[in-house]
> 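Before we start, here is the structure in question, set down as structure tokens.
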Amino acid sequence: MLKILGIETSCDETAVAIVSEDKSILSNQVASQIEHNQYGGVVPEVASRSHMRALDKLVDLALEESGVKLDEIDAIAVTSGPGLIGGVIVGVMYAKAIAASLGKPILAVNHLEGHALTARLTDEVEFPFLLLLVSGGHTQFLVVKNVGEYELLGTTLDDAVGEAFDKTAKLLGLGYPGGPQIEKCSKSGNPKRFKFPRPLANQKNCSLSFSGLKTAVRRELEKSEKDETLTCDIAASFQEAVADVLAVKTKYAIQEFLSKYGSGKSFVLSGGVAANQSIRGKLESVCSENGFAFHAPPIHLCGDNAAMIAWAGIEKYKLGHKDNLNFKPKSRWPLG
Ligand code: KG4
Ligand code: ZN
């Protein structure tokens with residue numbers, strides 16, 4: 001049974017996992033770097049150093065938990081971009097060192113492809129499928145035709161959704177990362193109190209925009225004295241506006257997918273923002289109204305992790321992909 005060790009260091013999670021070909025996650029170690037919280041965002045240099053300190057320990061934990069010995073691993077899969085370049089370099093150099101010393105194959109995995117293929121690790125999802133990737137740095141509708149074959153249907157013209165959550169949370173004084181804080185605060189807020197804009201919702205395409213929404217939140221905050229009720233009502237109204245826009249655009253994306261591919265009935269939501277229950281709920285309804293099966297990873301596999309990298313490695317390995325040890329880490333690496 002093929003077993004791959006995955007390594008992820010592209011942002012502020014140091015992660016190591018061991019996944020086998022039969023979709024068993026034998027270990028999934030994630031160390032979130034809390035040292036960034038005091039700065040209200042990720043500090044790249046701090047992240048790189050923290051990855052360097054954490055990796056050895058996490059690999060030991062993954063081997064111990066899985067009961068797998070290092071020489072029983074068939075290949076190493078590592079995130080080689082896109083991401084904060086210092087962190088990506090740390091992960092790639094570490095993975096190359098293990099691969100070279102053990103004489104094992106190495107696979108350079110695109111972080112976004114890790115998010116894209118997670119649904120095939122946790123669910124039965126056939127190609128082609130429609131993907132909405134929503135993370136801190138990316139917001140894209142893509143058709144996933146096969147491993148390594150992507151067609152971009154539309155993307156954000158400005159901020160990514162996760163970025164909009166993080167910036168709005170900062171305005172509201174809710175701390176970093178903002179997504180989970182806004183979702184928590186929204187639970188006691190009134191989502192109908194503020195009618196925030198639904199940017200580009202009346203354009204029948206897959207383009208998105210979130211910077212105006214953030215500005216609308218800032219203007220609302222300037223009007224009145226901040227208290228807990230106001231904060232939670234703004235958080236809930238903001239979250240509702242984001243979920244509404246994503247729902248409308250998913251409808252258009254489904255239409256475009258059907259006009260191009262005719263069949264194929266799976267929609268996948270993935271990336272850190274896919275953890276949001278309100279967004280999941282709205283998109284699940286859109287899918288059922290349009291005859292699409294809705295898939296989203298379990299919450300613990302929405303955010304950055306290495307199980308998704310190991311799984312993407314398994315998919316690539318099975319297709320005969322392997323990389324030379326001289327591949328370069330990349331800060332930018334778009335899909336499609
Ligand atoms: O995929 P991810 O872990 O890292 C990147 O590849 O960017 O995504 C992180 C993003 C952050 O912006 C975070 O605020 C957002 O995902 N996020 C959420 C939730 N949990 C994480 N956004 C909305 N609701 C959540 N529950
Ligand atoms: Zn990510």
Side-chain angles (χ1 to χ4, degrees), residues 6-15 17 28 30-34 36-37 40-42 44 47 51 78-85 87-88 91 109-119 131-140 142 155-156 159-172 174-187 189 191 210 213-214 235-236 238-243 245-246 268-283 296-309 311-312 331-335:
I7 296 178
E8 157 62 42
T9 55
S10 68
C11 192
D12 58 342
E13 260 87 30
T14 316
N28 185 28
V30 183
S32 295
Q33 303 176 355
I34 51 163
H36 304 288
N37 296 8
V42 181
H51 290 308
V78 60
T79 299
S80 6
L84 300 173
I85 194 64
V88 178
V109 172
N110 183 315
H111 176 86
L112 305 175
E113 181 153 50
H115 280 303
L117 298 178
T118 306
L131 170 71
L132 172 56
L133 178 60
V134 277
S135 69
H138 295 83
T139 300
Q140 301 178 330
L142 291 146
T155 183
T156 178
D159 293 349
V161 193
E163 192 182 353
F165 268 96
D166 294 336
K167 288 178 175 170
T168 300
K170 201 167 184 176
L171 289 172
L172 293 172
L174 290 175
Y176 181 88
Q181 306 288 346
I182 289 201
E183 181 167 28
K184 194 164 149 221
C185 188
S186 294
K187 291 203 168 81
F210 296 100
L213 192 47
K214 178 193 65 199
F238 164 83
Q239 183 176 268
E240 176 125 316
V242 171
V245 169
L246 292 178
V268 170
L269 176 70
S270 79
V273 182
N276 188 286
Q277 296 297 341
S278 164
I279 293 172
R280 283 166 94 104
K282 284 215 168 149
L283 299 194
I299 306 296
H300 71 284
L301 293 179
C302 286
D304 290 346
N305 65 85
M308 70 181 194
I309 303 304
W311 175 251
S331 58
R332 287 180 52 75
W333 186 2
L335 287 182

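As the structure lists them, so they are numbered: ligands from 1, and atoms in each ligand from 1.
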> With Ile309 as reference, evaluate Ile7, Thr79, Thr9 under the side chain to side chain contact (heavy atoms under 4.5 Å, CB included) test and give the passing residue.
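The residue from Ile7, Thr79, Thr9 that satisfies side chain to side chain contact (heavy atoms under 4.5 Å, CB included) with Ile309 turns out to be Thr79.
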> So His111 and Asp304, do their side chains get closer than 4.5 Å, heavy atoms only?
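Side-chain contact under 4.5 Å: yes.
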> For the side chain to side chain contact (heavy atoms under 4.5 Å, CB included) test, which of Thr139, Val161, Val134 pairs with Thr156?
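Single pass found, and it is Thr139.
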> If we only consider heavy atoms of Gln277, is any one of them less than 4.0 Å away from an atom in ligand 1?
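Not so, Gln277 does not reach ligand 1.
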> Please state which protein non-hydrogen atom is closest to atom 3 (O) of ligand 1 and give its distance, to 0.1 Å?
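The answer is Asp304 N, 3.1 Å.
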> Ignoring hydrogens, what is the shortest heavy-atom contact between Glu183 and Ser278? Give both atom names and the distance.
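Reported closest heavy-atom pair: OE2-N, 4.1 Å.
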> Determine the minimum heavy-atom distance between Ser135 and Ala160, stating which atoms define it.
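Minimum heavy-atom contact is O-CB, 3.8 Å.
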> Out of all atoms in ligand 1, which are within 4.0 Å of some heavy atom of Gly137? Include the element for each.
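Result: 7 (O).
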> Using non-hydrogen atoms of the residue, decide whether Cys11 is closer than 4.0 angstrom to ligand 1.
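So Cys11 does not count as touching ligand 1.
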> Anything protein N/O/S under 2.8 Å from the Zn ion (ligand 2)? Just list residue and atom, please.
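Listed by chain and number, the nearby protein N, O or S atoms are His111 NE2, His115 NE2, Asp304 OD1.
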> Consider every N or O of Gly271 and every N or O of ligand 1, then say whether any pair is closer than 3.5 Å.
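Not met; the criterion fails.
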> Measure across Phe210 and Leu246 and return the closest heavy-atom pair with its distance rounded to 0.1 Å.
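Looks like CZ-CD2, 4.1 Å.
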> Taking 4.0 Å as the limit for heavy-atom contacts, which would you say applies to His115 with ligand 1: side chain only, backbone only, both, or neither?
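His115 to ligand 1: side-chain contact only, backbone stays beyond 4.0 Å.
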> How far apart are the closest heavy atoms of Lys170 and Gly40, and which atoms are they?
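Shortest heavy-atom contact: NZ-O, 3.8 Å.
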> With a 4.0 Å cut-off on heavy atoms, is His111 touching ligand 1?
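True for this residue.
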> Find all atoms of ligand 1 within a distance of less than 4.0 Å from any non-hydrogen atom belonging to Gly303, and give their numbers and elements.
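Listed by number with element, the hits are 3 (O).
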> Go through ligand 1 atom by atom and flag the ones less than 4.0 Å from a non-hydrogen atom of Glu183.
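Answer, ordered by atom number: 25 (C), 26 (N).
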> Among all protein non-hydrogen atoms, which one is nearest to atom 10 (C) of ligand 1, and what is the separation to 0.1 Å?
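For atom 10 (C) of ligand 1, the nearest protein heavy atom is Gly136 N, 3.5 Å.
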> Quick one: closest heavy-atom pair of Ala47 and Gln33, and the distance?
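Nearest pair, atom of Ala47 first, then Gln33: CA-OE1, 3.2 Å.
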> Which protein non-hydrogen atom lies closest to atom 11 (C) of ligand 1, naming both residue and atom, and how far is it?
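So the nearest neighbour among protein heavy atoms is Asp166 OD2, 3.6 Å.
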> Hey, are the side chains of Asp12 and Ser32 touching, using non-hydrogen atoms and a 4.5 Å cut-off?
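SC-SC contact between Asp12 and Ser32 ruled out.
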> Among protein heavy atoms, which lies nearest atom 18 (C) of ligand 1, and at what distance?
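Result: Gly179 CA, 3.4 Å.
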> Nearest protein heavy atom to atom 15 (C) of ligand 1, by residue and atom, and its distance?
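The closest one turns out to be Val273 CG2, 3.9 Å.
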> Could an N or O of ligand 1 be found under 3.5 Å from any N or O of Cys302, whether backbone or side chain?
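No, no N or O pair falls under 3.5 Å.
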> Using ring-ring contact (aromatic ring centres under 6.0 Å, His included), reason through Phe165 and Phe238 one step at a time and then give a plain yes or no.
CA-CA 9 Å; Phe165 268 96; Phe238 164 83; 5.1 Å; yes
> Counting both backbone and side chain atoms, is some N or O of Gly162 under 3.5 Å from an N or O of ligand 1?
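Yes - when backbone and side-chain N and O of Gly162 are compared with those of ligand 1, one distance drops under 3.5 Å.
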> Name the closest protein heavy atom to atom 24 (N) of ligand 1, giving the residue it belongs to and the distance to 0.1 Å.
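Minimum-distance protein heavy atom for atom 24 (N) of ligand 1 reads Asn276 ND2, 3.1 Å.
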> Are any non-hydrogen side-chain atoms of Trp311 and Leu301 less than 4.5 angstrom apart?
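Heavy-atom side-chain distance check fails, nothing below 4.5 Å.
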> Met308 versus Pro297: any side-chain heavy-atom pair under 4.5 Å?
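Not touching, per the 4.5 Å side-chain cut-off.
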> Give the residue, atom name and distance (to 0.1 Å) of the protein heavy atom nearest atom 21 (C) of ligand 1.
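Answer for atom 21 (C) of ligand 1: Gly272 O, 3.4 Å.
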> Can you name the nearest heavy-atom pair linking Gly114 to Ala312, along with the distance?
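Nearest pair, atom of Gly114 first, then Ala312: CA-CB, 4.2 Å.
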